[in-house]
Protein chains: 2
Amino acid sequence: MSNKPATIKEIAKILNLSASSVSRALHDHSSIGLTTRMRVKQLAKELNYVPNQKAIFFQKGKTFTLGVIVPELSESFFSEAVSGIEDYALKKNYSVLIAQSHDDLEKEITLAEKFKSHRVDGLLVSLAKTTFNIDHFKQFEDLNIPIVFFDRIPPVKDIHYVACNMENGTYDAVNFLLKKKHRSIGMINGPETLNASAQRRDGYIQAMVKNRLKFDPSLIINCDLTEQSTREAMDKLLNNKRKPTAIVTFNDYVALYAIKYARFLGIKINDEIDFVSYANLPIIHYMDYYPIASVEQNPYQQGYRASEILLDLLTKKKSENEEKEAYYHITIDPELILH
Amino acid sequence: MSNKPATIKEIAKILNLSASSVSRALHDHSSIGLTTRMRVKQLAKELNYVPNQKAIFFQKGKTFTLGVIVPELSESFFSEAVSGIEDYALKKNYSVLIAQSHDDLEKEITLAEKFKSHRVDGLLVSLAKTTFNIDHFKQFEDLNIPIVFFDRIPPVKDIHYVACNMENGTYDAVNFLLKKKHRSIGMINGPETLNASAQRRDGYIQAMVKNRLKFDPSLIINCDLTEQSTREAMDKLLNNKRKPTAIVTFNDYVALYAIKYARFLGIKINDEIDFVSYANLPIIHYMDYYPIASVEQNPYQQGYRASEILLDLLTKKKSENEEKEAYYHITIDPELILH
DNA sequence: AGTGAGAACGCAAACGTTTGCTTGATTTTT
DNA sequence: AAAAATCAAGCAAACGTTTGCGTTCTCACT
């Protein structure tokens, strides 16, 4: 027991063949006779032969492994995205190496280093909140290791990415509220520095414009996503001359803070004020009060798509030479889910 | 650009050394003179040399990779456990290959196969709900690939495992309620078939016994963890002759269902009836009403510990020979968190 | 009988690194 | 001054698999 696993060489020796013939036999190469092919496969089963991936990795110069860096697995958005990545990768016989940056740039750099030395074939990355430059990913270019960013993407053009079009999502959300006859719609947006905030703002404005309504900037309040900050935003909105009858929040957390505070103030949720949010928390339905609609960002699909692109890049790489200037810029349209 | 990465051989050629000397120089081997050592390292930096892990894996016969199979990453319990695994593994310079069974036995078997052919050095497994035998993991024994099970462990003795002692956790919970002067404590337990249910039941009984109180079996109701089933359990408890003033639920989901239903019935939560649960949902604090206490199962620690054990097994494997009969059976004591 | 084709298989190199054994040169010990 | 120890570095094999290029053999066809 605890035998070293059987190798091709051993099979070859037993059958009086060369290692190459055994290898070819196992791969159904045409130049191997049917009888020997059968004999080889037969013995392989008996010996419980399993190809040694380490050797194959080495020989082929590939690890058939994808590296994934996400901020936090415990955020369901990312764990679902990882599921999408995993499903496609496994389908294509790739394995997935997962690591978390915990939203820390230093950690992210360390992980990049780790993956570099591990020689993953490709990388899927969703940036940490604190990452404002991506120099630590530049080195992968030289190593010919493609990277596909998803969701939290850097604001540059010379990269491959998959992301959700927040502008459209917000447009749909605001449009939905307008159709419900709301005429004063508030928005608790994220930090101004975030690209995601700008997109939401744009979507809001676009919805107003398309409906030939005047855009009132005082109805969009930025907040830093904390409970305290959310309350302050709510105060501002509630004291607005045109007190909103509906509020779009940056994410579910903010929505919950806002709803909690509104209830504290005696406001009737989704009656006096309708809430619409972005889907972060799948368990939101366990709540007593939750937004009447959510912008679903389809993390699974984002992951799946990013995975597809990466594998596409990997298989195409051989033929690439001059046309390296084509970057994948995929935007996934979110959908508005009514609860 | 897009140069193939530098190799030891190239460094050797440039410096007129042998590959072996370069290798030793990079590893600070004592038999290499200081000057050459410096020259080698210097050039290595310049050429951006990174050791080719594929070759090292192959040469050493190890992949420095751990395989992890969990049911669902989107369950925060598992994503936190994975964080623990990852943190320790990375510290020891191992990578972590993660895959989800989605609580499906077939998928679990496929993944086991995948990891086998990938030749991970070791395996960390939390079983799918539908897994009732572990034959598909037996093969790893022959390959000398150790497995450590955690949390969802199989009910056999000849394995390594890390799990939480639910009996103690429940004991603490019930004891806590008894100290709060509750004299009729209900329990909405899980399916009878689950080991986890039996442990909770035992803990409940033990707490009663230790406090010299009579155990009333009618106060423990089994349910299948659905909302409907939870309501039925609540009905039974509320109609009990000794209507409970406190209820321990199998998990947070059940607690939320129960609380929702109780509120629907007009019962004052954590006033008329105190709820205590097991920590599954980190975001429970966003709720308006949540259990007054939770049994925290420390998923991070479980993962970390399991990771430690696996690496211990991996490094000790060389010296192991006769004493292969020692199995790690680690139980982690949960702690009662008061909210 | 000679040529050609194709089938069935072997040889050997290659992938990059590590490591036990050797060798040659220099230094220390007796 | 000779023998022994130490230092610095090279040689070559090994890990398991794949693959380009041969080689041998058998037939069939002119």
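Proteins come first, then strands; the chains are lettered A, B, ... in the order of their sequence lines, and each starts at number 1. Quick caveat, the model's predicted, so the values are computed rather than measured.
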*Measure the acute angle between the ring planes of B:H329 and B:Y161, then classify it against the limits of 30° and 60° as parallel, tilted or perpendicular.*
parallel

N or O in side chain of [X] less than 4.0 angstrom from [N] OP1/OP2:
{"X": "B:S21", "N": "D:dG10", "value": "yes"}
{"X": "B:T36", "N": "D:dA9", "value": "yes"}
{"X": "B:S23", "N": "C:dT18", "value": "yes"}
{"X": "B:T7", "N": "C:dC15", "value": "no"}

When the distance from [atom1] of [X] to [atom2] of [N] is rounded to whole Å, what number comes out?
{"X": "B:L17", "N": "D:dA8", "atom1": "CG", "atom2": "P", "answer": "13 Å"}
{"X": "B:K13", "N": "D:dG10", "atom1": "NZ", "atom2": "P", "answer": "14 Å"}
{"X": "B:N52", "N": "C:dA14", "atom1": "CG", "atom2": "C1'", "answer": "13 Å"}
{"X": "A:I32", "N": "D:dT19", "atom1": "CD1", "atom2": "P", "answer": "13 Å"}
{"X": "B:Q59", "N": "D:dC15", "atom1": "CD", "atom2": "C1'", "answer": "6 Å"}
{"X": "B:K60", "N": "C:dG20", "atom1": "NZ", "atom2": "P", "answer": "11 Å"}
{"X": "A:K9", "N": "D:dA13", "atom1": "NZ", "atom2": "P", "answer": "13 Å"}
{"X": "B:R37", "N": "D:dA8", "atom1": "CZ", "atom2": "P", "answer": "8 Å"}

*asked:* Exactly one of A:V162, A:V148, A:L313 should register a side chain to side chain contact (heavy atoms under 4.5 Å, CB included) with A:Y328. Which one does?
replied: A:L313

*Kindly give the heavy-atom pair with the smallest separation between B:V96 and B:A89, and that separation in Å.*
CG2-CB, 3.6 Å

*asked:* Need one value for A:Y49: base, sugar-phosphate or nothing, where a base atom within 4.0 Å counts as base even if backbone is also close, heavy atoms only.
replied: sugar-phosphate

*Could you check whether A:G61 gets within reach of a base, just the sugar-phosphate, or nothing at all, counting any heavy atom under 4.0 Å?*
nothing

*Measure from the side chain of A:S31, starting at C-beta and using heavy atoms only, and say which of D:dA9, D:dT18, C:dA8 lies closest.*
C:dA8

_Which nucleotide wins on minimum distance to the side chain of B:A55, given the candidates D:dT19, D:dG10, C:dG16?_
C:dG16

_Side chains of A:K62 and A:Y94 only: does a donor on one sit below 3.5 Å from an acceptor on the other?_
yes

*Hey, which sits more toward the 5' end of DNA chain D by its nearest nucleotide, A:I56 or B:S18?*
B:S18

*asked:* Ring of B:Y88, cation from B:K91 - is the NZ or CZ under 6.0 Å from the centre and inside 45° of the axis?
replied: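 Checked: cation-pi criterion not met.
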
*Planes under 30° and centres closer than 5.5 Å, is that true for B:F58 with the base of C:dT17?*
no

*Counting only distance, no hydrogens or angles, is the base of D:dG10 paired donor-acceptor with the side chain of B:R24 under 3.5 Å?*
yes

